[in-house]
Every structure is written in C-alpha cells, then in structure tokens.
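Single-structure report; data block below.
Order of listing sets the numbers, starting from 1, for every ligand and every atom in it.
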Amino acid sequence: MEIITSIQEMKDYVKYLNENEQNISFIPTMGNLHKGHISLIDESKKILSKKIASIFVNPLQFNDKKDLDTYPSNTEEDIQILKENNIDCLFMPNEDILSDLDYKIYLPDGFGTYLCGRYREGHFEGVYKIVNKLLDLVRPNFTYFGKKDYQQILLVKYILQKNPEKFKKINLVECKTIRETNGLALSSRNSLLTEGQKNIASEIFQCLIDYKNIDENIALKKEFKDKIDGRLQEKGIEMEYFEVFNVTELHTLHNISFSSSDHKIVFIAARIFGIRLIDNIEIE
Ligand code: PAF
C-alpha cells in the first residue's frame, strides 16, 4: 500500500491512474477505523478499481474544541487494517490540505435548521470544504459514505450536483449502518466508551426500534416521542434531538435529485458520558 502525505504526490498518483485508465474508488475517513469503515471498503470491492482511502481529522468540522482534542486516533492500527483490506493507497494529507480553505461556504437553504446542522454550528461548512477538496484531488469514479451520517450524505449529493462539470463521473455509494450485536451503531467515538457504557448507549438504538414498531398511530407516536427524553435520562443519556423526516421532503427542500422510493427516517442524537452519538433508522 502506498502512503501519500503530500498534495502534489496525490495529484501525480491520480494522474498516473487516469493515464492508465484505472477506475478509482475513494473512501474518505477520519481514522480510528472500525467495521463500519471496513464495510465501505467491502462495498468498494464490488467494482474493479484502485482503492484509495484517506485519513484526516478535519479540524474545520469540529464545532467543539474538546471533541477535536479527544477525537480518537490509532494510525498504526488503521494502516494495518487498510493493508489487510487490500487498499492500494492511503492518503494522509499534511496540514497543507487546509491551506486554501479560508473562504465562505453557502450551505443549501435551511441546512442549518435541522438535525446536526441545527446543533453543530459550522460543522457542515467544514465537511463541505474538506469533502469538496478531497473529491477534487482524487476525482474518483466511486466514493463511499455511511448512512449513519445521513445529513452528511445529503450534503455530499449537494456538492456533487453543484459542481456537475468537475464531479460528473463521481458515483456516490450510500452504505448501510453497521451495528454492534446490541444494536449500537458503530462510530469511531464508541472507542471512548467502556463496554458497560456501550451497552447503556444501545438504548439510543432501542428508542429508534421501539418507535418503528409502534403501529401507524399518530397519537401513540407523539406520546412516545414526548417520553423519549425522560427514558434516556433515566439511563444517564442526554437527548439532543429525535426527529422524523420524509426523505423526499429532505431532498426537495434542497433541490437535490432523489430516485429511490419515498420513506421516512427517524433520527436521533444524544450524549452519553459526554460523548455525542448519532443514529437513524428507516421506517415505512
Ligand atoms: O464522515 C467522516 O468521517 C468525515 O466527516 C469525512 C467525510 C471523512 C470528512 O472529514
């Protein structure tokens, strides 16, 4: 596996692949890799292509300094995992990647009013800048993102549509959330929790499942929603949001084209022992 840290070397590597007419699959990450990331890599194996993964903990997307300072990192093990999974190239950009990112971003209208956009000021502006920069450098044929970060996927779709010329060959592959056996969605932040705390945190997923299992009864669903805050508090979990959206509504709100059938998604964000976790589940 090649490990590249300089932007120029990355450009040269991509140029070389293009000259040799190789398809490129790109898996951007912030490291501390887990089975969720491996599932993105597995998905990329379905296509004959050179596999490029990136690891960069992007400071621009952390609205909370403490979250950035404590963000788990495990580079040696990550490199091992990527090698074992036959990644061809790991891009670990140095700080130069941030050098021309000091410009104003306009997110889609209303993006800052719901889900993480509402609670993490500046987060999606930071994601926009780094994703746009990485995709511009790598210009992959396929790029892989996990559905746990659903609003991030919406943003990536928006970035691709906003730059049709530059990004026309990029296919975004949306990958399903991978879970622990107790249901807890895998996240790099889980490694900041003990096994016991992770078991308690599985209550977050349980709330989604229990909501999904209520029959289509608006009054019952409302009653359930009103009680979630208290239910989580009893376990020492602090709820940030619990919201239900129709996916067509989310896409049309931002003029993002959408092809699959309409359904609802329930979204949750909560803090447990100071660690912020998010999850979602498709219903109906
Ligand atoms: O989902 C992530 O890990 C990050 O937001 C990403 C897409 C790598 C950008 O920093």
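No close placement of the Phe267 and Phe242 rings is indicated, their centers lying 6.0 Å or farther apart. Here the two rings, on Phe26 and Tyr144, have centers that are 6.0 Å apart or farther.
A salt bridge links Arg120 and Asp67; the closest N-O separation between the charged side-chain nitrogens and carboxylate oxygens is under 4.0 Å.
The environment of NZ in Lys169 is crowded: more than 12 heavy-atom neighbours from other residues, nucleotides or ligands sit within 6.0 Å.
Of the residues Tyr158, Phe111, Phe124, the one that meets the ring pair (Phe, Tyr, Trp, His ring centres under 6.0 Å) test with His254 is Phe111.
Taking the side chain as every heavy atom from C-beta outward, His251 and Leu154 approach each other to under 4.5 Å.
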Contact table ligand 1 N or O to protein N or O, d under 3.5 Å:
| unit_1 | atom_1 | unit_2 | atom_2 | d |
| --- | --- | --- | --- | --- |
| ligand 1 | 1 (O) | Gln152 | NE2 | 2.8 |
| ligand 1 | 5 (O) | Gln61 | NE2 | 2.9 |
| ligand 1 | 5 (O) | Gln152 | OE1 | 2.7 |
| ligand 1 | 10 (O) | Gln61 | OE1 | 2.7 |

